[in-house]
A.B. asks: 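Dropping the structure in here first, questions after.
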Amino acid sequence: MLQEVLKKYQSTFKPVIALIHPDEQLLVMDFTANNTTLTKAILNNIKKFCSYITRTLKASSCRLGIGGYSEHRTIYAVSPHFDAGEEPRRLHLGIDVWGVAGTPVFAPLKGHIHSFRFNDHFGDYGATIILQHKLEGHTFHTLYGHLSISNLQGLYENMPVVAGQQLGYFGTPAENGGWPPHLHFQLIEDMMKFRGDYPGVCRFSERDKYLQNSPDPDLILQLNRNTHG
């Protein structure tokens, strides 16, 4: 299984987000209905939402926040992007790392550019890069969403990428789909013919199918061991 191969090579992966020091702590952030401090008034105002993230991190003396894999998120109700069809999409398939705009993002292992796109819809990824990798015969992909649109300049499909290469940085709300600055990092086995995009949120009824195709990205990210909160 891919998960076992990734565990085998974990010690060789480069950081996707560089820590200031090995023991730097990240704050676990909850975006489910259990978080009653995140009100509709905050979610519906990007300035207030950005301030909420900044204040929450500062209160815990953290530079970065993290969380979200397999999380049932009520926050997606703010965007019609997640409400097409009879059942809305609410289950998050990646891990989000929250911080300031301009935070660098790096490739954890060698591969090539599978595809990229500016998914310019409210609530969407904004600037997105997808890499393809191979390990012991397993082909898989890593998705980097909510980057700066400038990070797409000069890219082309099949462009080689080396481990540790900077791919971009956290984009601003104007270029990242209208969110406070963060990285959506997702692991994908089968791209299902998607290019420059892949669902980062699914319907709960399709949970098993999507989680199987998008295993826990912390297998590569390896940041949950540095968390509190």
Side-chain angles (χ1 to χ4, degrees), residues 1-19 21-24 26 28 64 66-71 91-97 103-117 119 125 127-147 151-152 154-170 182-203 206-227:
M1 291 179 61
L2 175 61
Q3 290 92 321
E4 297 305 316
V5 173
L6 292 176
K7 288 177 183 177
K8 178 179 175 181
Y9 284 89
Q10 275 184 330
S11 64
T12 70
F13 298 152
K14 301 293 185 181
V16 175
I17 305 290
L19 299 180
H21 55 81
D23 296 323
E24 181 182 1
L26 287 77
V28 175
L64 301 168
I66 192 171
Y69 180 64
S70 190
E71 187 174 72
L91 192 84
H92 194 241
L93 300 170
I95 286 178
D96 288 335
V97 182
T103 300
V105 176
F106 303 91
L109 68 162
K110 71 176 183 179
H112 64 261
I113 300 287
H114 172 273
S115 50
F116 56 95
R117 183 185 298 170
N119 294 294
Y125 288 132
T128 312
I129 297 174
I130 300 172
L131 303 184
Q132 185 174 92
H133 315 275
K134 285 188 178 181
L135 274 179
E136 292 193 359
H138 291 268
T139 298
F140 60 97
H141 308 79
T142 50
L143 181 149
Y144 309 78
H146 309 295
L147 303 177
N151 301 151
L152 306 184
L155 299 186
Y156 56 90
E157 292 190 4
N158 296 317
M159 177 180 174
V161 172
V162 299
Q165 177 178 332
Q166 184 173 343
L167 296 174
Y169 47 84
F170 295 9
H182 72 289
L183 170 72
H184 172 99
F185 179 72
Q186 188 168 337
L187 177 57
I188 305 161
E189 289 198 60
D190 182 1
M191 283 297 297
M192 300 179 182
K193 298 183 180 180
F194 281 93
R195 305 202 73 80
D197 192 15
Y198 183 85
V201 183
C202 74
R203 298 177 176 88
E206 299 177 313
R207 177 179 184 273
D208 292 343
K209 177 181 75 172
Y210 275 99
L211 290 181
Q212 183 176 358
N213 195 43
S214 284
D216 186 351
D218 201 53
L219 288 164
I220 293 176
L221 202 59
Q222 300 178 82
L223 286 176
N224 279 328
R225 60 193 179 193
N226 284 55
T227 59

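Keep in mind that what you see is a predicted model, and the values were worked out from it rather than measured.
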A.B. asks: Between the side chain of Q10 and the main-chain N/O of Q222, is any donor-acceptor distance below 3.5 Å?
C.D. replies: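 Answer holds: no.
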
A.B. asks: Evaluate the ring planes of H146 and Y125, with Trp represented by its six-membered ring, and classify them as parallel (under 30°), tilted (30 to 60°) or perpendicular (over 60°).
C.D. replies: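 Rings of H146 and Y125: perpendicular, as their planes differ by over 60°.
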
A.B. asks: K209: which residues meet the side chain to side chain contact (heavy atoms under 4.5 Å, CB included) condition with it, sequence neighbours left out?
C.D. replies: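 Once residues adjacent in sequence are excluded, the partners of K209 under the side chain to side chain contact (heavy atoms under 4.5 Å, CB included) criterion are E206.
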
A.B. asks: Just verifying a value: how many Å separate I188 CD1 and L143 CG, rounded to the nearest 0.5 Å?
C.D. replies: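 So the CD1 of I188 and the CG of L143 are separated by 4.5 Å.
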
A.B. asks: Which heavy atom of P108 sits nearest to which heavy atom of Y144, and what is that distance?
C.D. replies: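 Closest heavy-atom pair between P108 and Y144: CD-OH, 3.0 Å.
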
A.B. asks: If you measure from CG on L93 to CZ on R207, what distance do you get to the nearest 0.5 Å?
C.D. replies: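 Atom-to-atom, L93:CG and R207:CZ are 10.0 Å apart.
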
A.B. asks: E136: which residues meet the side-chain hydrogen bond (donor to acceptor under 3.5 Å, both in side chains) condition with it, sequence neighbours left out?
C.D. replies: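 Residues passing side-chain hydrogen bond (donor to acceptor under 3.5 Å, both in side chains) with E136: K8, Y9.
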
A.B. asks: Closer than 3.5 angstrom, by distance alone: can the side chain of R117 be matched with the main-chain N or O of T128 as a donor-acceptor pair?
C.D. replies: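 No, the answer is negative, given that no donor and acceptor are paired below the 3.5 Å cut-off.
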
A.B. asks: Could you report the tightest heavy-atom contact between S70 and L211, atom names first, then the distance?
C.D. replies: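 Looking at all heavy atoms of both residues, the closest pair is OG-CD1, 3.6 Å.
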
A.B. asks: Is S214 reaching over with its side chain to a backbone N or O of L187, donor-acceptor style, under 3.5 angstrom?
C.D. replies: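 A pair under 3.5 Å: yes.
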
A.B. asks: Give, for atom NE2 of H138 and atom CD of Q3, the distance between the pair rounded to the nearest 0.5 Å.
C.D. replies: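 Between H138 NE2 and Q3 CD, I get 9.5 Å after rounding to 0.5 Å.
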
A.B. asks: With distance as the sole test, does Q165 use its side chain to make a donor-acceptor pair with the main-chain N or O of V162 at under 3.5 Å?
C.D. replies: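 Indeed, once roles are kept as given, a pair shorter than 3.5 Å links the two residues.
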
A.B. asks: Please report the shortest heavy-atom distance between F106 and P15, naming the atom on each side.
C.D. replies: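 Scanning both residues completely, I find the closest heavy atoms to be CB-O, 3.4 Å.
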
A.B. asks: Work out which heavy atom in K14 is nearest to a heavy atom in A107; give both atom names and the distance.
C.D. replies: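 For K14 and A107, the tightest heavy-atom pair comes out as CB-O, 3.9 Å.
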
A.B. asks: Who passes ring-ring contact (aromatic ring centres under 6.0 Å, His included) against Y198, sequence neighbours left out?
C.D. replies: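 Per chain and number, Y198 pairs via ring-ring contact (aromatic ring centres under 6.0 Å, His included) with F194.
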
A.B. asks: Measure across L131 and I129 and return the closest heavy-atom pair with its distance rounded to 0.1 Å.
C.D. replies: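 Of all heavy-atom pairs spanning L131 and I129, the closest is CD2-CG2, 4.0 Å.
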
A.B. asks: I'd like to know whether L183 forms a side-chain contact (heavy atoms from CB on, under 4.5 Å) with T103, so could you lay out the CA-CA distance, the side-chain angles of the two residues, the decisive distance to 0.1 Å, and finally the verdict.
C.D. replies: CA-CA 9 Å; L183 170 72; T103 300; over 6 Å; no

A.B. asks: Quick check for you: to the nearest 0.5 Å, what is the distance between I130 atom CD1 and L167 atom CG?
C.D. replies: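 One gets 12.0 Å once the value is rounded to the nearest 0.5 Å.
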
A.B. asks: List the atom pairs, with distances to 0.1 Å, where a side-chain N or O of residues 109-116 and a protein N or O form a donor-acceptor pair under 3.5 Å, not counting sequence neighbours.
C.D. replies:
residue, atom, partner, partner atom, Å
H112, NE2, Q132, OE1, 3.3
S115, OG, G196, N, 2.7

A.B. asks: For the CG atom of N151 and the CD atom of Q166, what is their distance to the nearest 0.5 Å?
C.D. replies: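 If we round to the nearest 0.5 Å, N151:CG and Q166:CD are 7.5 Å apart.
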
A.B. asks: Only counting residues at least two apart or in another chain, list the ones meeting side-chain hydrogen bond (donor to acceptor under 3.5 Å, both in side chains) with D197.
C.D. replies: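 With sequence neighbours excluded, D197 shows a side-chain hydrogen bond (donor to acceptor under 3.5 Å, both in side chains) to no residue whatsoever.
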
A.B. asks: Determine, stepwise, if the pair V105 / V97 fulfils side-chain contact (heavy atoms from CB on, under 4.5 Å).
C.D. replies: CA-CA 10 Å; V105 176; V97 182; over 6 Å; no

A.B. asks: Dump the intermediate steps for side-chain contact (heavy atoms from CB on, under 4.5 Å) on F185 and V16, then the final yes or no.
C.D. replies: CA-CA 9 Å; F185 179 72; V16 175; 4.1 Å; yes

A.B. asks: Which value, rounded to the nearest 0.5 Å, describes the distance between E71 atom CD and I95 atom CD1?
C.D. replies: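 Going from CD on E71 over to CD1 on I95, the span is 10.5 Å.
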
A.B. asks: Inspect the surroundings of CE in M192 and state if more than 12 heavy atoms from other residues, nucleotides or ligands are less than 6.0 Å away.
C.D. replies: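 Result for CE/M192: enclosed.
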
A.B. asks: Is there a side-chain contact between I66 and I17, using heavy atoms and a 4.5 Å cut-off?
C.D. replies: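 Not in contact.
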
A.B. asks: Among residues at least two apart in sequence or on other chains, which ones pass ring-ring contact (aromatic ring centres under 6.0 Å, His included) with F140?
C.D. replies: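 For F140, the residues satisfying ring-ring contact (aromatic ring centres under 6.0 Å, His included) (neighbours in sequence not counted) are H133.
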
A.B. asks: Got a donor-acceptor contact below 3.5 angstrom from the D23 side chain to the N226 backbone?
C.D. replies: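 No, because the side chain of D23 does not come within donor-acceptor range (under 3.5 Å) of the backbone of N226.
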
A.B. asks: With a 3.5 Å distance limit and no angle check, can you tell me whether H182 reaches the backbone of D96 through a side-chain donor-acceptor pair?
C.D. replies: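 A pair under 3.5 Å: no.
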
A.B. asks: Using only atom types and a distance under 3.5 Å, with no angle test, would you say the side chain of Q186 pairs donor to acceptor with the backbone of P199?
C.D. replies: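 Yes, because the side chain of Q186 sits within donor-acceptor range (under 3.5 Å) of the backbone of P199.
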
